[in-house]
Every structure is written in C-alpha cells, then in structure tokens.
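Scroll down for the structure; my scribbles are underneath it.
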Amino acid sequence: MPHTQATATDLMAAYAEAHPRSRAAFERANLALPGGLTHDVRALVPFLPYITRAEGSRKWDLDGHEYIDYAMGHGALILGHAHPAIVDAVRRQVGIGTHYGANHLLEIEWAERIRAMVPGAELVRFTSSGTEATLLALRIARAATGRSKLLKFQGHFHGWHDAVAPGQAPPWDALPQGIPAAVARETIVLPANAAAVEAALDQDPDIAAVIVEPSGASFGTVALSHGFLRDLRRLTTARGAYLIFDEVITGFRWAPGGVQETSGVTADLVTMAKILAGGLPGGAVAGRRDLLEPLGLPGSNRRKIQHPGTFNANPLSASAGIACLDLIRDGRAQAKCADTAAALRRAYNQTLASAGVHGAAYGESSGIHLAFDPQITPGDPASVAKLSVDTLKQQRGLTWSAPLTVAMLMRGVHLFGLGGFVSVAHGDEDVARTADAFDQSVRQLADLFPR
Ligand code: PMP
C-alpha cells in the first residue's frame, strides 16, 4: 500500500477504535436512518461521533471525548452551546406553553427586534426553517410580479425545496434527483457575474427574482464582492425583478444587520434562520411592506398569498430568538467572533506556509474555510481567488477532506465542512488548542495534500 493511503487507513482504524460507543450507535443508526444520518453534511467516513452534551465552545461524545466545536449548530449558535440567557428563556417558556394556536406577544417582540436590526425589514413573516423562508420569499416575488422564474447562482445554497435545488453543486446544469424537469426549467443557474445576469434579465422577461447568498456561495466559500451586490441591486430594479438576499447564515453574524448592513445594499426581501431563533428551529422573511402585505389579506381576497405553517413563530423559538438577538444587537459579539476567526485563520495559514502545503484558510466575519489545491500558495488566502467555483465547491469530496476531519477529531476538534463557525464562547485557549491540533494533523497527513 502506498505510504499516503496507509496513513489514512491507519488513522481511520485508530479513530474507530477510540470511538467504540459511537461506532455501535452508528451501526444501530444504519438500521433506522438512511445512511445512518439525518443531514447530508454529517456524512463522514467512518462516522461522526455521537454527542451527548454541549456547553460553550465544547461538546462531549458517548465515548467521553471532548471537542472544540466549529459546527456550532450549522451556524445557529453564535452565543455558543447552552448559553445561560437562552436556557433560561426556553426553560421559562416550555412550562407555560409551546403552542397556543393563537396570537402571542413573543411573536410581536421577535418581529420588532428584526425590524430594529435588519435594514429594509418593514414587515416580517416567520417560518420554521431557512428552506421555508426562501420558498416563501420566492412565492412572494412571483405573486408580486406575475412572473415565474428564479435566477440563482452556481454553488449558492438556499435550502432543499425544488426551486432552489438546481445549481447547488457541479455539474451546474444537472437535474437533481426527484426534481421535475418542468420545475427545474423555472430556475436559471448562472455564474456570479453581472454581465451574465444582465443578459439573462434582458432575454427573459419572466424572471421574478434574483436570489443570492450575499457572502458568496456557502457563506463565502466562493467569495463575492459588494460591487456585485450593487450590480444586482441596479439590474433587478431596472428590469422589475425582485432581489432576495438569503441571509440564513450571514444574518445577525456578518453584522447585526447582516450583509445588507456591511454592503450598504438593501434587498427587497431578506431570508433569515439559524441565529434568528437562538439555536432553536425558526426562520423568517422580512422586507418591503408592499411585498409582504398580501400575506395578511383576508382569505377571500384574490391577491392573498397563502402561507400557513403549524410552527410559524412558535413560542419556544421566539423566546430563544429574542434572548439571542438582545445579546447581539450592538455588534460587539459579532466583532469578537470575527477576531477569533481571524486568529484561527492566521494560525492555520502559518502551519500551511511552514509545512509547504498548498492550502489556505480564508473567509469573512466568523466563517472559516480551508481549501487545498496546487494553485494555492501555501498559507496565502489571496491565492484562493485563482480557484474556480467548481474546485472550491468540491473540496469536501477530495481525498484529504475526510482524513483531515478525522485527524482533527482525534485531537479534540470538530471542523465543520473544512472550516466552520466561531461563537462568542470560543476563547484564546480554544484557538491555541485548535491551532496545535491543526499543525499536528497537517504534518501527519502532509503526503496526502496536493503538490
Ligand atoms: N439558505 C442558506 C444560505 C443556508 O445556509 C441554509 C442552511 N444551511 C438554508 C438556506 C436552509 O436553511 P434550513 O437548513 O434552516 O432549512
């Protein structure tokens, strides 16, 4: 066996041996859950650990191992795990009702906070997830324009409903499983390029909306300029299409007002989830009053937009969301997270430069990404810009991805999608320990990386 393969095989074997209870749980899970999983992003060879408890920046597994967590609730936990203010709020609420089947004050208080923090949020409608939020935003744009098509960008992720399923990963024109061709035809997938958007809007008068992850695909895995967002604003306004910022990750994280605040570009509709609900399930669409008003019309009205949803603005999520937003509204939490993430990226890049590995850590705000490619100058985040969207979106499928994740888990660090999210709970000790783990892991796996 070549040396590199032996390293990865030994590593996987050592990991399985060190996690006997998680391995048994995974075997049991395979009998009940497809692939033993409940989310695609948790697929890992051999398996992810089974977590039993989490607090602050840390979590603990069935076999008693401690991890510094960079999954952070897929980006929902900007305050860290089990923040006392959120635990208190949810504990108080759970005993007095989790669903009233009627109006309640928390939904107003939650919406008022969003209106205060998010630019352009004249009205707010709550959903149960980010997927539901982008689904609703699209429905609102279609209703307002009488047009049917959605324009989205290569690699941008907006949840799992049919209209946004095309173009999530290369090949960009593939029809995803289970999506009707007739539905996929209503979604135009383009490279993130203003000339392409302009041409599409000129050619096709049936485009209702342009949706974008304003950080760039997958919270900045493929970076995007504010200039491009300004171009989208100008082009959509000129052609009578609506601009949807999908701020499910960037909302409340890039700044209290998300990328709308940092870029100065105000969209017509903004979709939010994750941090919005303080670590519980929840989402929302906010934006222009005239666009959201049809949701509130009486059922008999021809212009009424339907949007039921059993758990819309449920009191538990509202209580957690309010507690969370109150703690992050002044921007200090976001700045602290961004500083910590910058320190981690610097440490990762020092290792990559000194080990001469063609990889770099990059990202914005409190998001961290790692990419490896022969075109990358070791440890130089600027050189990532040379890589195509295809290359950047496929990093997790490459031969070093699972071994690096496993090598880091063996050293007590859970990376998320080759990088992850930093919370306010991550401190200097977390950075130092993570940097050490990364240094050792990269040197252990050095032969696996591209040359
Ligand atoms: N939009 C973006 C930008 C996301 O990152 C996600 C989830 N990661 C979604 C939408 C879908 O949100 P949810 O998982 O809550 O349905």
Side-chain angles (χ1 to χ4, degrees), residues 37-43 70-78 118 125-139 141 150 152-169 176 187 189 192 209-224 229 232 243-254 258-260 262-263 267 269-287 307 309-314 316-317 320-321 324 363-369 389 392-393 396 416-421:
L37 299 173
T38 50
H39 192 302
D40 291 350
V41 86
R42 298 186 200 133
Y70 293 97
M72 279 294 136
H74 296 198
L77 299 171
I78 194 168
V118 177
R125 182 66 170 235
F126 290 105
T127 64
S128 291
S129 68
T131 295
E132 290 182 24
T134 63
L135 177 62
L136 177 60
L138 173 59
R139 180 174 292 186
L150 176 68
K152 75 181 284 280
F153 298 104
Q154 291 174 349
H156 287 223
F157 183 73
H158 305 294
W160 61 269
H161 64 83
D162 290 2
V164 294
Q168 285 183 7
T187 300
V189 179
V210 175
I211 190 167
V212 62
E213 267 192 82
S215 54
S218 301
F219 67 99
T221 297
V222 190
L224 209 58
L229 300 177
L232 291 182
L243 179 60
I244 304 169
F245 272 14
D246 182 354
E247 298 232 44
V248 164
I249 289 186
T250 55
F252 311 106
R253 181 178 286 279
W254 259 232
V259 180
Q260 289 200 110
T262 58
S263 68
L269 295 166
V270 187
T271 54
M272 291 160 282
K274 301 198 192 259
I275 292 173
L276 170 82
L280 267 68
V285 178
H307 174 244
T310 300
F311 286 104
N312 295 347
N314 86 83
L316 272 192
S317 298
C324 179
E364 266 190 88
S365 179
S366 41
I368 301 175
H369 306 286
V389 50
L392 288 170
K393 282 292 288 190
R396 285 188 76 235
F416 181 70
L418 283 190
F421 299 100

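Just follow the structure's listing: the first ligand is 1, and inside any ligand the first atom is 1.
A donor-acceptor pair shorter than 3.5 Å cannot be found between the side chains of Lys152 and Thr187. Counted by atom type alone, His307 and Arg139 present zero donor-acceptor pairs between their side chains at under 3.5 Å.
With Thr250 contributing its side chain and Gly258 its backbone, the two residues share no donor-acceptor pair below 3.5 Å. Counting only distance, with no hydrogens or angles, the side chain of Glu247 and the backbone of Val259 share a donor-acceptor pair below 3.5 Å.
A search for side chain to side chain donor-acceptor pair (under 3.5 Å) contacts involving Arg396 returns nothing, not counting sequence neighbours.
At a threshold of 4.5 Å between non-hydrogen side-chain atoms, the residues Phe153 and Glu213 do not count as touching.
Using a 4.0 Å heavy-atom criterion, the residues that approach ligand 1 are Ser129, Gly130, Thr131, Phe157, His158, Gly159, Glu213, Asp246, Val248, Ile249, Lys274.
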